[in-house]
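Here the structure comes first, spelled out in structure tokens, and everything after it is commentary.
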Number of protein chains: 2
Amino acid sequence: MAAKAKSKDSTTEERIRVAARKLFTRHGYDAVKTRDIAAESGINLALLNYYFKSKEKLFEKIMQENMKEFMQGISGIVNDEQTNLESKIKRLVEYYLDMLMSNPDMPLFVLSHAKKKGSKLNFRETFAQSHFMKQIQEAVKEGKIAPINPLNLMLNIVGLSIFPFIGRHIFQNEKGITEDAFIALMAERKKMIPGWIDAILRKK
Amino acid sequence: MAAKAKSKDSTTEERIRVAARKLFTRHGYDAVKTRDIAAESGINLALLNYYFKSKEKLFEKIMQENMKEFMQGISGIVNDEQTNLESKIKRLVEYYLDMLMSNPDMPLFVLSHAKKKGSKLNFRETFAQSHFMKQIQEAVKEGKIAPINPLNLMLNIVGLSIFPFIGRHIFQNEKGITEDAFIALMAERKKMIPGWIDAILRKK
DNA sequence: GTCTATAATTCGATAGAC
DNA sequence: GTCTATCGAATTATAGAC
């Protein structure tokens with residue numbers, strides 16, 4: 001019998017959150033001023049502090065949300081007991097590339113801020129305890145794939161997928177490739193990476 | 001007949017430069033205050049402006065030095081006409097890993113600042129016009145390696161080499177691996193990556 | 001809850017003595 | 001060349017009216 005189920009994203013608090021996330025993700029913590037966030041969300045500067053107490057606290061809240069969302073996506077894939085190793089790799093790569101295409105600034109943002117603001121992200125642990133990890137170890141033991149440190153396999157999958165997005169400002173500039181060419185290249189990588197990982201794991 | 005050949009790195013200007021480079025590389029432009037640099041170099045705040053005019057100019061000078069040093073290393077390898085494709089890849093990987101081991105914060109620093117401060121870094125172009133690029137295209141044409149977009153090969157080599165350093169704060173924390181384990185892992189990768197690249201290029 | 005006005009602080013830069 | 005002292009702008013945070 002809720003009188004007026006307030007649509008969650010038209011709340012003032014939510015508008016500030018959305019604006020902050022957009023700006024922080026694109027420009028980083030220091031470069032974004034509280035005034036920018038206020039302007040972007042169409043509210044007054046004082047309201048930001050009313051809702052979030054401080055810039056620092058607002059940032060941490062957003063960081064935490066991003067991390068949680070990100071890890072949930074990964075976790076679902078690596079812990080699915082129904083898929084085999086090869087499929088998991090393919091799904092991981094596709095998940096990353098799709099996420100990155102619509103959120104190209106995410107990785108540089110996350111990695112830049114991971115050292116400072118107490119990010120609770122636990123990437124390595126999620127992998128270490130996953131069903132994926134067990135499958136890798138088994139496959140190695142059974143001699144189905146070339147011996148590899150599972151941590152290195154993880155680094156390879158993630159690195160091949162997200163590195164171009166982290167470095168894109170170096171390739172995509174005046175003398176570099178265009179926006180369109182970059183997108184096309186990433187679409188190509190989305191198809192190629194699983195095969196490259198397979199090649200790495202193939203026994204000679 | 002120079003009276004007292006002043007050892008270049010005991011100059012006040014040089015001390016400021018060294019301090020600035022250390023701090024900027026580790027924490028980024030915004031996070032470092034001119035007062036921090038003054039304290040680190042053991043001089044007064046006013047001297048910084050006396051020698052470098054402004055924080056911005058000091059930063060750009062350091063950025064430029066780093067870039068130049070970095071690109072020279074790469075350029076020498078990719079343009080050496082005496083080495084074959086396989087050797088070039090091995091040397092590139094070794095160059096990267098050695099550089100990163102002694103300078104682990106460099107990549108995140110460079111990539112974080114590439115979008116803002118007019119960095120003249122021209123990474124893609126250096127590769128595009130290199131002897132290395134020609135060798136790749138020839139090898140593909142002659143059917144010696146599997147077809148691959150040279151840009152993708154470059155992204156793979158660089159990504160596999162430097163990504164772990166960019167992401168290390170996510171793997172190397174309370175619940176992650178230790179500093180020593182990380183170093184050992186990187187030493188392992190230095191040996192493995194050339195083989196992985198070969199596998200990617202090998203025809204089925 | 002939302003605003004205006006302003007306090008409090010931080011920070012880059014400079015003036016001016018030595 | 002080097003320092004102390006301080007200015008002025010930018011920025012976060014808050015007081016207080018509505």
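Basis for what follows: all heavy atoms, side chains included, without hydrogens, waters or symmetry-related copies.
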For residues 91-98 of chain B, please give each side-chain donor-acceptor pair under 3.5 Å, one per line with the distance, not counting sequence neighbours.
{"unit_1": "B/Arg91", "atom_1": "NH1", "unit_2": "B/Asp80", "atom_2": "OD2", "d": "3.0"}
{"unit_1": "B/Glu94", "atom_1": "OE2", "unit_2": "B/Lys90", "atom_2": "NZ", "d": "3.3"}
{"unit_1": "B/Asp98", "atom_1": "OD1", "unit_2": "B/Lys190", "atom_2": "NZ", "d": "2.7"}

What pairs with A/Arg189 under salt bridge (Lys or Arg N to Asp or Glu O under 4.0 Å), at least two apart in sequence or on another chain?
none

Listed partners of A/Lys144 passing side chain to side chain donor-acceptor pair (under 3.5 Å), at least two apart
A/Glu142

Results of salt bridge (Lys or Arg N to Asp or Glu O under 4.0 Å) for A/Asp198 - residues two or more places apart only:
none

Test side chain to side chain donor-acceptor pair (under 3.5 Å) applied to B/Glu138 - qualifying residues, sequence neighbours left out
none

Rounded to whole angstroms, how far apart are CZ on A/Phe59 and P on D/dT11?
18 Å

Protein proximity profile, nucleotides 10-16 of chain C - base contact B, sugar-phosphate-only contact S, no contact -, cut-off 4.0 Å on heavy atoms:
-BBBBB-

Nearest-Å distance for atom pair NE2/P, residues A/His27 and D/dT11:
14 Å

